[in-house]
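What follows is a set of notes on a single structure, which appears directly below.
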Amino acid sequence: MSKIVVLDPLASDGLKLMDEAGLEYEVRTGLSGEELRQTLTEFDGAICRSGVKITAEALEGNKRLRAIARAGVGVDNIDLKAATRAGIVVMNTPGGNTVSTAEQTFALMLSLSRNTCVANQSLIEGRWDRKKFTGRQLGGKTLGIVGMGRVGQTVAKFAKAFDMKIVAFDPYLPPARAQELDVTLYETVAEMLPIVDYLTVHTPLTDATRNLIGEKEIDALKDGACLINCARGGIYNMDALRKGLESGKLGGVALDVYPEEPCTDSPLFGMPHVVCTPHLGASTTEAQMNVALEAVELLVDYLKNGVIRQAVNFSSLDPKTLAELRGALDLAYRLGLFGQQVAPGAVSSCKIKYRGDIAKKNTSLVTSAFCAGFLTAVLSEDISVVSAVPMMQERGLKVVEDKSGESSDFNSIIGVELETDKGTLTYSGAIFGATMPRLITYKGLRLDSQFDGSLLLTVHQDQPGVVAALGAATAKAGLNIAQMAMGRNLHAPNGLAVSVLSIDGDIPAELLEDVKSIPQIENAQAVKLPLNGEYPYWMN
């Protein structure tokens, strides 16, 4: 019989469901260090929330644990790479607390707007200060939302009921879906900051979102703007929030999450126009029941029937299939990373074109690998091949396959067609040998380029002097060109051409600007890809 350990407090409905399923379980909360490591070696499955930290050290040497179910959406307290290396499936429950988190966002927004907390305290202290607590209504105000996933979209729906105007930033939300939600999309966070009265964030904490709002961003806000965070601590810079409040630039700050939790001491606590709660976003009876039941159901399905659902680090790839598709998965992942970095605008649909032998194989897995790369390029965190397609669909992005067994020049080709609000972008790749991914076309122009590391991509007029100018610019930056690939229309000399320079080291912004200033250059972009032989964790 499988044994399960419950590492964080879990709703009684979840415990009851395990009893009904005939599972043996123990509740051991508050564990860390060696005690946690030893405990995990005694069980087949584990259920946790956000309290326990399941690190690589906690999983070291574990030969028994088969699955971890996170009762909630965020898995930043679990080392996914270590779990994957140990063969441990990690599953989450992304839908169970969506409404509760969105409601908490509005509870904090309303508390700020109507001075609810301080007004309540004044009555407790025997004062009747009506004039002191004059607030402002939400109706007619502009709400900025960063991140339009499940929670962000639910917040947007609530905001419409309050007659608010909604602007948003989400690189994956197609314009058509934004129109359905009556949301105005912006290409960057910075562009929408000057017009918002309230700003709320609903994204994971990644390298891209850490300190997303700092002093510079707060300075760009209109005077009196209010900031709300029910997502992850660290997205707002805490010191910048304090300075914004002290200067009067910010009209209010409401936080439910903090860079380090539990948090009982912060310079923001007790400041005027601040409302803080101890991570209550998912703390409703309904949300806790939903995520507890779902987490238990995931474990039961896996431990009893071998069914993997909502895994964030594992696919159903068996070793034989993985070996057979490794080259295609690697290429597709890179094509996704590449496409998100070079797309000319907001992408609304992705068509993946399979030509040759690859079209005869299980391309759904390869398409998932493309989507994982596409999402990873912006979120700056490894997206699982399992969760990638649902995450794309959640944001209204269409993913279409187009297959043909015919291929003129290569055994297998994977082509991509991205529809954006600024036009269509096409490009394709192939595998040379067994493990050498190459970029073979871009915007219909044929080339043969390395497809790893730092790449400087240019579209330019096919005229003399371009190669020399590119060499001079990279030399000025002190960077070496490892390889250079050129492509042009053989039937229309002196037309458009494309070049891809493989650069040793990162490409600085100064180099990009110098290249863009070359008269023949129409566009230049820096692309970052894994080195050849480096794979996402789900391929290992």
Side-chain angles (χ1 to χ4, degrees), residues 1-80 82-98 100 282-318 384 386-387 390 538:
M1 178 184 295
S2 298
K3 290 182 62 178
I4 295 175
V5 60
V6 179
L7 298 171
D8 286 312
L10 194 71
S12 60
D13 302 76
L15 301 179
K16 182 180 178 182
L17 184 58
M18 283 193 285
D19 288 327
E20 294 172 351
L23 292 175
E24 183 180 345
Y25 68 90
E26 293 183 28
V27 178
R28 299 188 190 180
T29 60
L31 303 183
S32 62
E34 178 60 23
E35 187 179 13
L36 174 60
R37 191 197 70 79
Q38 181 58 43
T39 294
L40 291 174
T41 65
E42 302 171 14
F43 294 87
D44 304 286
I47 297 178
C48 69
R49 291 176 60 197
S50 61
V52 69
K53 308 299 180 187
I54 303 180
T55 63
E57 291 75 18
L59 297 173
E60 185 177 355
N62 199 309
K63 303 297 183 184
R64 178 170 179 176
L65 191 68
R66 296 166 56 197
I68 300 170
R70 163 72 164 96
V73 59
V75 291
D76 45 327
N77 60 318
I78 303 170
D79 191 316
L80 294 181
T84 305
R85 287 194 298 268
I88 300 167
V89 179
V90 180
M91 300 170 277
N92 70 344
T93 59
N97 55 20
T98 297
S100 293
S283 294
T284 64
T285 302
E286 294 82 0
Q288 292 309 303
M289 179 182 69
N290 290 340
V291 297
L293 290 174
E294 192 172 358
V296 171
E297 288 170 353
L298 292 173
L299 276 184
V300 170
D301 273 355
Y302 179 61
L303 295 176
K304 282 197 166 187
N305 307 313
V307 176
I308 298 176
R309 293 189 296 115
Q310 295 178 195
V312 297
N313 72 323
F314 247 80
S315 71
S316 56
L317 285 174
D318 59 89
S384 164
V386 177
S387 60
W538 44 264

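One is the number of the first residue; the rest follow in order along the sequence. These values consider heavy atoms only, across backbone and side chains, with no hydrogens, waters or symmetry-generated copies.
- Using a 4.5 Å cut-off on side-chain heavy atoms (C-beta onward), Leu40 and Ile54 make contact.
- Formation of a donor-acceptor pair under 3.5 Å by the Asn77 side chain with backbone atoms of Lys53 is not found in this model.
- Residues Ala295 and Thr93 share a closest heavy-atom pair of N-CG2, 3.6 Å.
- With Arg66 contributing its side chain and Gly45 its backbone, the two residues share no donor-acceptor pair below 3.5 Å.
- Residue Leu65 comes nearest to Ala46 through the heavy atom pair CD1-N, 4.0 Å, listed as atom of the first residue, atom of the second, then distance.
- For the residue pair Cys48 and Ile78, the shortest heavy atom distance occurs at SG-CD1, 3.9 Å.
- For the pair Val90 and Ala83, the tightest heavy-atom approach, listed with the atom from each and the gap, is CG2-CB, 3.7 Å.
- Leu17 contributes atom CG, which lies 6.0 Å from atom CD of Glu20 (distance to the nearest 0.5 angstrom).
- Between Ile88 and Ile68, the closest side-chain pair of non-hydrogen atoms falls below 4.5 Å.
- A donor-acceptor pair under 3.5 Å links the side-chain atoms of Gln310 to the main chain of Asn92, judged by distance alone.
- Between Asp19 and Tyr25, the shortest heavy-atom distance links the atoms OD1-CE2, 3.1 Å.
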Which donor-acceptor pairs under 3.5 Å do side chains of residues 284-293 form with protein atoms, sequence neighbours excluded?
residue : atom : partner : partner atom : Å
Thr284  : OG1  : Ser100  : OG           : 2.6
Thr284  : OG1  : Ala287  : N            : 3.0
Gln288  : OE1  : Arg49   : NE           : 3.2
Gln288  : OE1  : Arg49   : NH1          : 3.4
Gln288  : OE1  : Arg49   : NH2          : 3.2
Gln288  : NE2  : Ala282  : O            : 2.4
Asn290  : ND2  : Glu286  : O            : 3.2

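- For the atom pair Leu23 CG and Lys3 NZ, the distance stands at 12.5 Å (nearest 0.5 Å).
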- [ ] Kindly indicate, with the supporting measurements, whether the criterion side chain to side chain contact (heavy atoms under 4.5 Å, CB included) is fulfilled by Leu15 and Met18.
- [x] CA-CA 5 Å; Leu15 301 179; Met18 283 193 285; 3.7 Å; yes
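- Side-chain contact between Arg64 and Asp44: present, with at least one pair of heavy atoms (C-beta onward) separated by less than 4.5 Å.
- With values rounded to the nearest 0.5 angstrom, Thr41 atom OG1 is found 12.0 Å from Glu60 atom CD.
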TODO: Test Leu80 against Val312 for side chain to side chain contact (heavy atoms under 4.5 Å, CB included), laying out the working first.
DONE: CA-CA 8 Å; Leu80 294 181; Val312 297; 3.8 Å; yes
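- Formation of a donor-acceptor pair under 3.5 Å by the Thr29 side chain with backbone atoms of Leu7 is not found in this model.
- Enclosure of atom CD in Glu42 by more than 12 non-hydrogen atoms of other residues, nucleotides or ligands within 6.0 angstrom is indicated.
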Name the atoms and distances for all side-chain donor-acceptor pairs under 3.5 Å in residues 296-305, with sequence neighbours left out.
residue : atom : partner : partner atom : Å
Asp301  : OD2  : Arg309  : NE           : 3.0
Asp301  : OD2  : Arg309  : NH2          : 3.0
Lys304  : NZ   : Ala21   : O            : 2.5

